[in-house]
2 protein chains.
Amino acid sequence: MADEPGAGSASTAARVASSPSGTLEATPPSGLPVGTSGSGAPTLEDVARVAGVSRATVSRVVNGQRRVAADIQAVVREAIATTGYVPNLAARSLVTRRTGAVIVVVSGVEEQGSPSTIDFADPFFGRVVGGMLRALRPRDVDPILMLAETDADRARVISSLRNGNADGALVVSTRGDDPMPRLLVDAGLPAVVFARPGRPIPLSFVDVANRDGARLAAEHLVARGCRHVAAISGPLDVPSAQDRLSGFQDAMARHGQAFVPTVGGNFTYESGVAAMASLLDAYEDLDGVFASNDLMALGAIEALQAAGRRVPDDVRVIGFDDSSVGALSRPALTSVRQPIEEMAAEMARILLDTIADPGRRVTSTIFEPTLRIRDSA
Amino acid sequence: MADEPGAGSASTAARVASSPSGTLEATPPSGLPVGTSGSGAPTLEDVARVAGVSRATVSRVVNGQRRVAADIQAVVREAIATTGYVPNLAARSLVTRRTGAVIVVVSGVEEQGSPSTIDFADPFFGRVVGGMLRALRPRDVDPILMLAETDADRARVISSLRNGNADGALVVSTRGDDPMPRLLVDAGLPAVVFARPGRPIPLSFVDVANRDGARLAAEHLVARGCRHVAAISGPLDVPSAQDRLSGFQDAMARHGQAFVPTVGGNFTYESGVAAMASLLDAYEDLDGVFASNDLMALGAIEALQAAGRRVPDDVRVIGFDDSSVGALSRPALTSVRQPIEEMAAEMARILLDTIADPGRRVTSTIFEPTLRIRDSA
DNA sequence: CCAGGGTCGGAGAGCGCTCTCGCGAAACTG
DNA sequence: CAGTTTCGCGAGAGCGCTCTCCGACCCTGG
């Protein structure tokens, strides 16, 4: 694998350059086809020389800061074009203390050894990133991806930020008790998180109206004639899971079903299967199920079919997320849709605004979910 | 876009800071919880002062370059800990010309207006990123995500690289005729691409043995007793689609079926449905289908079921990718698995090695696919 | 005991950029 | 037309870091 075929030639080249130092010392290293100046990429200095102006003026033209006479601007732009100049961001950020980059923190919590973090194969991840990209790119900001599973990871994120390697953080957490948001707030760093944090802290976030989404699901089931409805909930330490459940229960109560049998899952397919099975054991006459995410809904369908129940004929099932897996499964899953891409884009926008104006108040944007009706309910 | 809402407040802030200059000049801006020195994060200088050594020595300790006496090292580390020092990467990269970041280029081609790029919702994207992260993180390198749909995007990637905003590129292309690899090669920039480029160019890549995967599928279908097998291919300008198809055809020929009815798709679910429908029209007695990816296989199953065929009882279906959608669909999809995460990790490793030793030869790593047998075949 | 070599820390020069400051000229005012 | 502002540009000081010298010191051998 790591054999060294090129190593020889590289070090040879270095030696050639340095060995006849005595004679060459005074002369610049290369008396060869010098581009504009000494060695590599053209610098501000080079452009300034070509344009016959000062470094400062070129800088002003590049950044469009202060007014520069039109003719001089033309000359400078010309010089920039001929030299092929592009600003060195490291140098710039060294003085401006801005990087034009934000960290996308994919945050999870290590569970007894197994670093259970976000599932990268879950389309959720890609959709979030895609949405952020859409909002970041027009403002010429690039996302740096970082995982934060361990305390060390989190410390790394914080210090990266504190040292100005990035201007802010977009946090996508998998759990309600994630310590990352707290750390960010304590360090006074610009950040926005996806979904309302477990404990209230002064931090901007975007979220979906989980209760409304659950209500949508409840109303749909009722409208379809369901009379004995159950719920499969996510872990209740996750705020969104809590809201989805209570929102569902409340809505069902308003429609006459005061008690909703509920079993908890952990957002996985398997937990959906198990939850549905135990629900079926206890309540034989179920005709509707609301699962707090699509994976569990899919698991529920699996368990229902295994028990000989037809979906949606015997039992109707609604999920939450409108994930692509749900759309592709058979029967296609009816699901509460949260506009993930738009939410992610909004996160980026909020962060960028916060970075531009640090004094800005903490804000949150709540998106309204919609019901994506397919075959399962 | 470039309106100036922040400009006003920014200049206001600047004015506030500078106007009472007479009095404040000497004092650092914040008379607040000052860290160690003047203003923000601690610098090498600060650490040096605390430790009672020179900046150079601290630098040496931080980077472990030259031998530093053990006791001094201890003192320095102590000082680093108490000050909470973390190197400023901008400053470092300004002199080292290394950034400790690589660009992950998600490359696509704009098709008549609609910027059809990679589908972020596709688990493929997340798996690739996850795999890269696994290999990058131990070497303290962070990925910067960039989209490259337009020529302007690609130019931006190239100049980013040329200006040392990142040390190299990991390219994930969606199409065979992507111009990105070529640009990278021409600019002499370190890069690794996922999947063999359309036209051979001197660029490292990782790929899966597509032909072998197709052979696996063929052999499995034959072993299961299929006698009338068809194929749904991807766009043939994509090398992998080509290899999968020809590999499948060759393998089937070896097992006695010289002609394999084939319809082309474009890797989408819908194209799978359409392809299967037209296949069914022309060949009624099909008992096996190989699709060049999972989405099309899923579409094929849909079309088959719509036509009253049972899967796998009447017709067996095999996909390619072993995507999570395939695992969750019913019947669960039998599929050729490419170890995407490992492949992505290998990309990262190759890139890092190339960056460390630019003279290194172009390499490619081909991974062996495996067959993931589930219910559909 | 001293010369010579080797080790290890410090001084200082930049890397490429931004931004404040100041100066000269142009544009205004009375 | 003189006085005063405004405007536009250049000079130069760093931002925080690395890295090359260079000098101080220690160790060893003669």
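Note on naming: letters A, B, ... go to the chains in the order of the sequence lines (proteins, then strands), and numbering restarts at 1 for each one. Treat the numbers as computed from the prediction; the structure is a model and nothing was measured.
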To the nearest Å, give me how far apart CG (B/L89) and C1' (D/dG16) are.
-> 11 Å

Taking atom types as modelled, is there a side-chain donor on A/D178 or A/S107 under 3.5 Å from an acceptor on the other?
-> yes

OP1, OP2 of D/dT18 versus side-chain N and O of B/T96: anything below 4.0 Å?
-> no

Partners meeting side chain to side chain donor-acceptor pair (under 3.5 Å) with B/R162 (sequence neighbours left out) = none

For DNA chain D, produce a single dot-bracket line, 5' to 3'. Pairs: Watson-Crick or G-U wobble, both distances under 3.5 Å. Symbols: ( ) within strand, [ ] crossing, | other strand, . unpaired.
-> ||||||||||||||||||||||||||||||

B/N63 CG - D/dT18 P separation (whole Å) | 5 Å

Between D/dT18 and B/S59, is there an OP1 or OP2 to side-chain N/O distance shorter than 4.0 Å?
-> yes

Could you check which of C/dC17, D/dA11, D/dC17 has an atom nearest any side-chain atom of A/L44?
-> C/dC17

Any residue meeting side chain to side chain contact (heavy atoms under 4.5 Å, CB included) with A/S204, in chain and number order, not counting sequence neighbours | A/V192, A/I350, A/V362, A/T363

Polar atom pairs between nucleotides 13-15 of chain C and protein, under 3.5 Å, N or O only, would you list them?
residue	atom	partner	partner atom	Å
C/dA13	N6	B/R55	NH2	2.9
C/dC15	O3'	B/R97	NH2	2.8

Options D/dG10, C/dG12, D/dG16, nucleotide nearest the side-chain atoms of B/A56 = C/dG12

Every protein N/O lying under 3.5 Å from an N/O of nucleotides 5-8 of chain D:
residue	atom	partner	partner atom	Å
D/dG8	OP1	A/R67	NE	2.6
D/dG8	N7	A/R66	NH2	3.4

With A/V95, which residues qualify under side chain to side chain contact (heavy atoms under 4.5 Å, CB included), at least two apart?
-> none

For B/S54, check side chain to side chain donor-acceptor pair (under 3.5 Å) against everything at least two apart and list the hits.
-> B/T57

Rounded interatomic separation in angstrom, taking CZ from A/R98 and C1' from C/dC17 = 16 Å

Just to confirm, is there a sub-4.0 Å distance from OP1 or OP2 of D/dG10 to any side-chain nitrogen or oxygen of A/T57?
-> yes

Who are the side chain to side chain contact (heavy atoms under 4.5 Å, CB included) partners of B/E78, not counting sequence neighbours?
-> B/T82

Go through the structure and list residues passing salt bridge (Lys or Arg N to Asp or Glu O under 4.0 Å) with A/D167, not counting sequence neighbours.
-> none

Residue list, ring-ring contact (aromatic ring centres under 6.0 Å, His included) with B/F194, at least two apart or on another chain = B/F124

CD1/B/I72 to CZ/B/R77 distance, rounded to the nearest 0.5 angstrom?
-> 12.5 Å

Under the side chain to side chain donor-acceptor pair (under 3.5 Å) test, residues paired with A/D71 that sit two or more places apart = none

To the nearest angstrom, the CG-P distance between B/N88 and D/dG16 comes to 7 Å

All pairs passing side chain to side chain donor-acceptor pair (under 3.5 Å) where residues 86-96 of chain B contributes a residue, at least two apart | B/N63-B/R92

Rounded to whole angstroms, how far apart are CD on A/E45 and P on C/dG16?
-> 10 Å

